[in-house]
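This report refers to the structure that appears directly beneath it.
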Amino acid sequence: MSIHYVCRHCGHKVGTLEGKVVDTEKLGFNHLTNEERTSFIQYAEDGSMSVNVICEDCQEALERNPDFHQYSTFIQ
């Protein structure tokens, strides 16, 4: 099972966790509401997962431009 972390704004691959069994509780997924899980986590047919996160570059852009928070994506 692979878990791919991808920036939700620019699509940059932040990282990947590989393992036969991954404890999602240790990753903190149990703290997400059902709505947040639906929004942040996508499951592929091969059993892998993609988790939407924010990369460092996009986080810096959000900090410099707080009005960008109103957009689901701000990268043109």
Side-chain angles (χ1 to χ4, degrees):
M1 174 180 178
S2 299
I3 300 176
H4 306 282
Y5 289 87
V6 180
C7 179
R8 68 181 190 191
H9 295 290
C10 69
H12 174 76
K13 184 177 176 182
V14 177
T16 299
L17 293 175
E18 298 283 347
K20 292 183 180 182
V21 177
V22 177
D23 186 353
T24 57
E25 197 168 304
K26 286 184 179 179
L27 298 175
F29 294 167
N30 59 314
H31 295 286
L32 299 174
T33 65
N34 287 336
E35 185 177 298
E36 290 169 333
R37 283 185 192 162
T38 302
S39 175
F40 297 133
I41 302 171
Q42 289 80 43
Y43 298 91
E45 290 183 21
D46 65 358
S48 66
M49 298 168 49
S50 290
V51 181
N52 293 326
V53 296
I54 300 176
C55 71
E56 289 180 10
D57 292 334
C58 289
Q59 180 62 35
E60 288 177 16
L62 286 167
E63 289 172 1
R64 286 191 311 271
N65 304 285
D67 56 311
F68 284 178
H69 282 282
Q70 65 184 321
Y71 306 112
S72 59
T73 183
F74 53 85
I75 303 297
Q76 299 291 326

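This chain uses plain numbering: 1 for the first residue, then up along the sequence. Everything numeric in this text was worked out from a predicted model, so none of it was measured. Hydrogens, waters and symmetry mates play no part in the numbers below; they use all other heavy atoms, side chains included.
Side-chain contact check for F68 versus H9: every heavy-atom pair is 4.5 Å or farther apart. Between T33 and T38, every side-chain heavy-atom pair lies at or beyond the 4.5 Å cut-off. Residues L17 and L27 form a side-chain contact, since some pair of their non-hydrogen atoms from C-beta on lies under 4.5 Å apart. At least one side-chain heavy atom of I3 sits less than 4.5 Å from a side-chain heavy atom of V51. With contacts defined as side-chain heavy-atom distances shorter than 4.5 Å, the pair M49/S2 does not qualify. Put simply, the side chain of N52 does not reach to within 4.5 Å of the side chain of Y5, judged on heavy atoms.
Remark: the S50 side chain and the Q42 side chain contain no N/O donor-acceptor pair separated by less than 3.5 Å.
By the neighbour-count criterion of 12 heavy atoms within 6.0 Å, atom CD of E56 is sparsely surrounded, having that number or fewer from other residues, nucleotides or ligands. Under a cut-off of 6.0 angstrom, the local environment of CD in E18 is crowded, with over 12 non-hydrogen atoms contributed by other residues, nucleotides or ligands.
Of the possible polar contacts, one joining the R37 side chain to the F29 backbone as a donor-acceptor pair under 3.5 Å is found. Not a single donor-acceptor pair under 3.5 Å links the side chain of N65 to the backbone N or O of D67.
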One pair to check against side-chain contact (heavy atoms from CB on, under 4.5 Å): N30 and T24. What are the steps and the verdict? CA-CA 7 Å; N30 59 314; T24 57; over 6 Å; no

Determine, stepwise, if the pair H12 / V6 fulfils side-chain contact (heavy atoms from CB on, under 4.5 Å). CA-CA 6 Å; H12 174 76; V6 180; over 6 Å; no

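Listed here is the closest heavy atom pair of E36 and H31: OE1-O, 4.1 Å.
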